[in-house]
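Notes follow the structure.
Lettering follows sequence order; numbering is per chain, from 1.
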2 protein chains.
Amino acid sequence: MAKTEERVKRSRRPTIRDVSQLAGVSRMTVSRVISDPDLVLPATRQKVASAIADLGYVPDRAAGSLASRKTGFIALMLPTLTNANFAAVAHGLTEVLREANYQLLIAYTEYDMAEEERQLRNLLARRPEAIVLTGATHSNAASKLLLSADVPILEIADLPSRPIGHVIGFSNQEVGRTAARYLIDKGFTRIGAVGATVEGEVLDHRGEERMRGFEDELRYAGLPTDAVVRHGKAPLSYDHGAAAIGVLLDKAPDCEAVFAVSDLSAVGVLMECQRRGISVPDQLSVIGFGDFEIGRIINPPLTTIHVDFNGLGQRTGKTIVELLKRGVSSETGRVDVGLSIIERKSVKT
Amino acid sequence: MAKTEERVKRSRRPTIRDVSQLAGVSRMTVSRVISDPDLVLPATRQKVASAIADLGYVPDRAAGSLASRKTGFIALMLPTLTNANFAAVAHGLTEVLREANYQLLIAYTEYDMAEEERQLRNLLARRPEAIVLTGATHSNAASKLLLSADVPILEIADLPSRPIGHVIGFSNQEVGRTAARYLIDKGFTRIGAVGATVEGEVLDHRGEERMRGFEDELRYAGLPTDAVVRHGKAPLSYDHGAAAIGVLLDKAPDCEAVFAVSDLSAVGVLMECQRRGISVPDQLSVIGFGDFEIGRIINPPLTTIHVDFNGLGQRTGKTIVELLKRGVSSETGRVDVGLSIIERKSVKT
DNA sequence: CGCCCTCATGTTAACGGTCCCATAGATTTG
DNA sequence: CAAATCTATGGGACCGTTAACATGAGGGCG
């Protein structure tokens with residue numbers, strides 16, 4: 001009178017065992033109805049399905065993960081969620097992964113490398129089947145953790161020279177260079193830029209790459225780089241641009257054209273110029289990066305460098321699905337999704 | 001020569017067993033070093049710690065969850081991630097939950113109720129210890145699932161009349177009413193609004209509540225509601241506002257003041273007005289909702305209704321931590337975080 | 001000096017699924 | 001028509017961890 005009849009336990013969540021008993025089949029059959037119904041006779045399937053419905057059974061993926069060694073998690077590490085382009089990446093990624101029944105595990109680092117490491121450790125404990133990282137700069141410890149994780153690693157939104165996994169991205173340096181070339185070709189000679197500072201633990205590597213590319217190209221053209229201003233810290237936003245352009249104009253009042261490492265900053269620049277009565281593009285030309293929606297709507301519409309972030313997310317998702325379908329493949333792909341200039345009205349022609 | 005000595009298995013991930021053998025202690029001791037180090041003698045702790053480091057051991061939370069019946073997951077369901085205010089909620093929530101070592105599981109529905117149900121089922125299979133929902137309108141099946149989940153449910157960013165769990169939010173109707181009252185008090189009599197349509201499965205309940213509150217207040221004041229325009233579908237954005245104000249002005253060219261259910265739309269309205277040479281606020285006053293950063297930076301700065309979304313997220317996080325600490329408590333709290341008008345320059349005084 | 005505590009650690013049995021193999025009946029095949 | 005193959009289902013071990021209880025060594029105390 002012990003063992004068997006302790007159904008007295010008041011209302012825990014139903015398990016697969018409860019379902020199997022109610023349906024009069026084995027646990028394994030229930031499991032099959034859930035994960036691959038075609039293996040089960042329609043009549044049996046029906047019995048099981050109604051037992052599931054009656055009990056309100058919801059399978060426990062933690063138990064399933066443990067047994068099958070597949071968690072269905074994909075880890076995504078972002079600098080921040082409060083940036084439309086990163087959100088777009090997450091969005092595109094989800095779209096694709098949803099279909100394949102993967103669940104995204106999102107962590108964000110606030111551009112802080114120590115935090116990245118902590119977050120990574122947390123994520124790894126969940127045994128993701130693939131790991132997606134934004135940007136290519138990681139601490140040593142982080143790299144070691146990643147390497148020993150033994151799952152596909154995807155580095156996106158960058159084009160690192162020494163990647164540790166698959167790469168799907170674009171060159172942030174090239175973004176900077178393209179912006180510079182564009183302005184130089186328009187005939188400007190007094191050219192500046194605004195970005196974030198690079199001190200401390202909290203920094204925006206990808207933005208800094210864009211700044212460097214920009215400076216390189218100015219130098220290459222024999223132009224001065226003294227109007228390239230690093231001000232405030234990531235994440236960049238409208239206020240950043242408004243403040244930074246002030247600093248820039250103090251330093252170089254004769255500046256004719258400016259590159260902002262983010263459209264958000266660029267919009268801040270535009271608004272500050274309106275306030276100061278500086279006409280864009282007549283007195284100052286502005287080019288941004290990111291092609292945020294606001295740039296299209298603002299007056300004057302913002303000339304910017306576009307990258308298809310949503311598509312980048314989708315592409316990453318497809319790669320992951322592909323990779324996981326055909327087992328481990330350690331050949332590391334490298335995809336450059338490229339970039340394009342969107343010419344609008346904020347640069348004088 | 002069987003059983004014991006099959007360490008030949010080439011390099012699976014190390015388990016707690018490997019660590020315990022290397023450190024010469026039991027598995028339980030390793031477990032304690034990880035989850036509550038104070039229970040273990042410093043010397044032992046040290047041995048274990050270095051075994052962990054040597055092997056690069058990372059615990060498997062799926063196994064841990066199964067055994068301890070605690071997953072450390074908190075589920076968050078949002079309409080979309082591409083909205084700064086929802087992102088801010090996620091942000092505030094994470095800040096708090098990080099400390100307490102919970103991992104956020106984010107799902108988004110694209111304002112689609114069928115999708116909400118699917119997502120909910122996925123989330124539930126992960127056994128979250130609490131579930132956070134935005135908005136208070138759910139399908140019947142979803143409500144049933146939620147109720148039987150037997151974990152705290154928090155409904156946020158709304159103030160439902162018949163809540164199914166804890167509520168931390170504000171009244172979206174009150175937002176609409178407040179906006180209307182503000183414009184009425186300013187002496188306007190020809191007042192309109194722009195929001196999204198309400199047809200089909202995909203809709204923005206919370207936005208619609210704001211519209212209703214607005215209409216109610218107009219009616220209460222004896223004013224016509226024919227300039228309240230529902231156009232396009234959620235998620236709202238800049239383009240929405242630009243398009244919707246066109247529709248509104250066709251219908252009611254004499255409109256003096258307009259409420260946009262989202263700042264994003266409001267900014268679109270402002271920009272479209274600039275393009276059409278309509279002076280804001282001289283010819284048309286505009287008030288928005290959400291206090292998005294862009295509204296502060298734009299010219300003229302946007303008058304809007306502010307809700308502290310980041311704080312709302314934090315508060316939600318704290319409530320969850322509190323709730324989980326002191327075991328199940330089924331008393332359902334109700335917190336109104338309130339709202340405030342931010343007067344800037346887009347409404348004529 | 002025996003007794004009882006406390007503290008550090010070990011032992012055992014779950015947790016809720018799925019993998020792998022076995023089995024019995026139905027169906028094909030030479 | 002016996003053997004081989006296929007189909008639908010079942011049985012048991014196992015995934016990696018922790019809860020709960022057991023154990024044994026040391027310390028304080030009357």
Side-chain angles (χ1 to χ4, degrees), chain A residues 2-4 6 9 12-48 51-52 55-73 101 124-127 129, chain B residues 2-4 6 9 12-49 51-52 55-73 101 124-127 129 150:
Chain A
K3 213 65 184 288
T4 324
E6 49 173 342
K9 275 173 184 169
R12 341 127 315 200
R13 306 203 67 158
T15 72
I16 202 171
R17 178 167 261 121
D18 300 315
V19 176
S20 72
Q21 279 168 6
L22 182 56
V25 298
S26 73
R27 279 172 301 155
M28 209 41 228
T29 299
V30 177
S31 174
R32 279 191 271 254
V33 169
I34 291 164
S35 57
D36 194 352
D38 292 341
L39 292 177
V40 177
L41 230 47
T44 322
R45 203 188 302 160
Q46 189 44 52
K47 271 193 305 185
V48 173
I52 289 179
L55 293 172
Y57 169 70
V58 178
D60 184 332
R61 294 278 260 128
S65 302
L66 188 55
S68 68
R69 322 178 117 259
K70 290 199 183 327
T71 57
F73 281 131
N101 249 294
L124 252 22
R126 303 294 185 173
R127 299 292 188 265
E129 299 184 43
Chain B
K3 214 68 184 287
T4 323
E6 48 173 343
K9 274 175 185 170
R12 340 128 314 201
R13 305 203 68 158
T15 73
I16 203 171
R17 178 168 261 122
D18 299 315
V19 176
S20 72
Q21 280 169 5
L22 182 57
V25 298
S26 73
R27 279 172 299 157
M28 209 42 227
T29 299
V30 178
S31 174
R32 280 191 271 254
V33 169
I34 292 165
S35 57
D36 194 351
D38 292 340
L39 292 176
V40 177
L41 229 47
T44 322
R45 202 187 305 160
Q46 189 45 52
K47 270 192 307 185
V48 173
I52 289 178
L55 293 172
Y57 169 72
V58 178
D60 184 332
R61 294 280 257 128
S65 302
L66 188 55
S68 68
R69 323 183 113 259
K70 288 196 183 331
T71 58
F73 282 130
N101 249 295
L124 252 22
R126 304 294 186 175
R127 299 292 187 266
E129 298 184 43
D150 196 34

Taking side chain to side chain donor-acceptor pair (under 3.5 Å) as the definition, give me every residue that meets it alongside [X], ordered by chain and number, with sequence neighbours left out.
X: Ser35(A); value: none
X: Ser65(A); value: none
X: Ser26(A); value: Thr29(A)

Pairs where residues 57-72 of chain B contributes a residue and the test salt bridge (charged side-chain N to carboxylate O under 4.0 Å, His left out) is met, not counting sequence neighbours: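 For residues 57-72 of chain B, and leaving out neighbouring residues, the salt bridge (charged side-chain N to carboxylate O under 4.0 Å, His left out) pairs sorted by first residue read Arg127(A)-Asp60(B).
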Pairs where residues 38-48 of chain A contributes a residue and the test salt bridge (charged side-chain N to carboxylate O under 4.0 Å, His left out) is met, not counting sequence neighbours: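 For residues 38-48 of chain A: none.
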DNA chain C contacts among residues 37-46 of chain A, heavy-atom distance under 4.0 Å: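 Nucleic-acid contacts, sorted: none.
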CA sep, side-chain torsions, deciding dist, call: Arg13(B), Val58(B), side chain to side chain contact (heavy atoms under 4.5 Å, CB included): CA-CA 8 Å; Arg13(B) 305 203 68 158; Val58(B) 178; 4.3 Å; yes
Set of side chain to side chain contact (heavy atoms under 4.5 Å, CB included) partners for Ala51(B), sequence neighbours left out: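 So Ala51(B) forms a side chain to side chain contact (heavy atoms under 4.5 Å, CB included) with Val19(B), Leu22(B), Ala23(B).
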Contiguous Watson-Crick or G-U pair runs (3 or more, under 3.5 Å) in DNA chain C: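 DNA chain C stems, ordered by first number: C:1-30 with D:1-30.
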Separation of dG16(C) P from Arg126(B) CZ (nearest whole Å):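 After rounding, the gap between these two atoms is 17 Å.
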Spacing of Leu124(B) atom CG relative to dG17(C) atom P, expressed in whole Å: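 Distance check: Leu124(B) CG to dG17(C) P gives 13 Å.
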By salt bridge (charged side-chain N to carboxylate O under 4.0 Å, His left out) - contacts of Arg32(A) (at least two apart):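 Partners of Arg32(A) under the salt bridge (charged side-chain N to carboxylate O under 4.0 Å, His left out) test: none.
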Heavy-atom protein contacts under 4.0 Å, nucleotides 16-25 of chain D, coded B base, S sugar-phosphate only, - none: BBBBB-----
Validation row: Ile34(B), Ile52(B) side chains within 4.5 angstrom (heavy atoms):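 Ile34(B) reaches Ile52(B) side chain to side chain.
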OG1 on Thr15(A) to CG on Leu55(A), rounded to 0.5 Å: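 Between atom CG of Leu55(A) and atom OG1 of Thr15(A) there are 9.0 Å.
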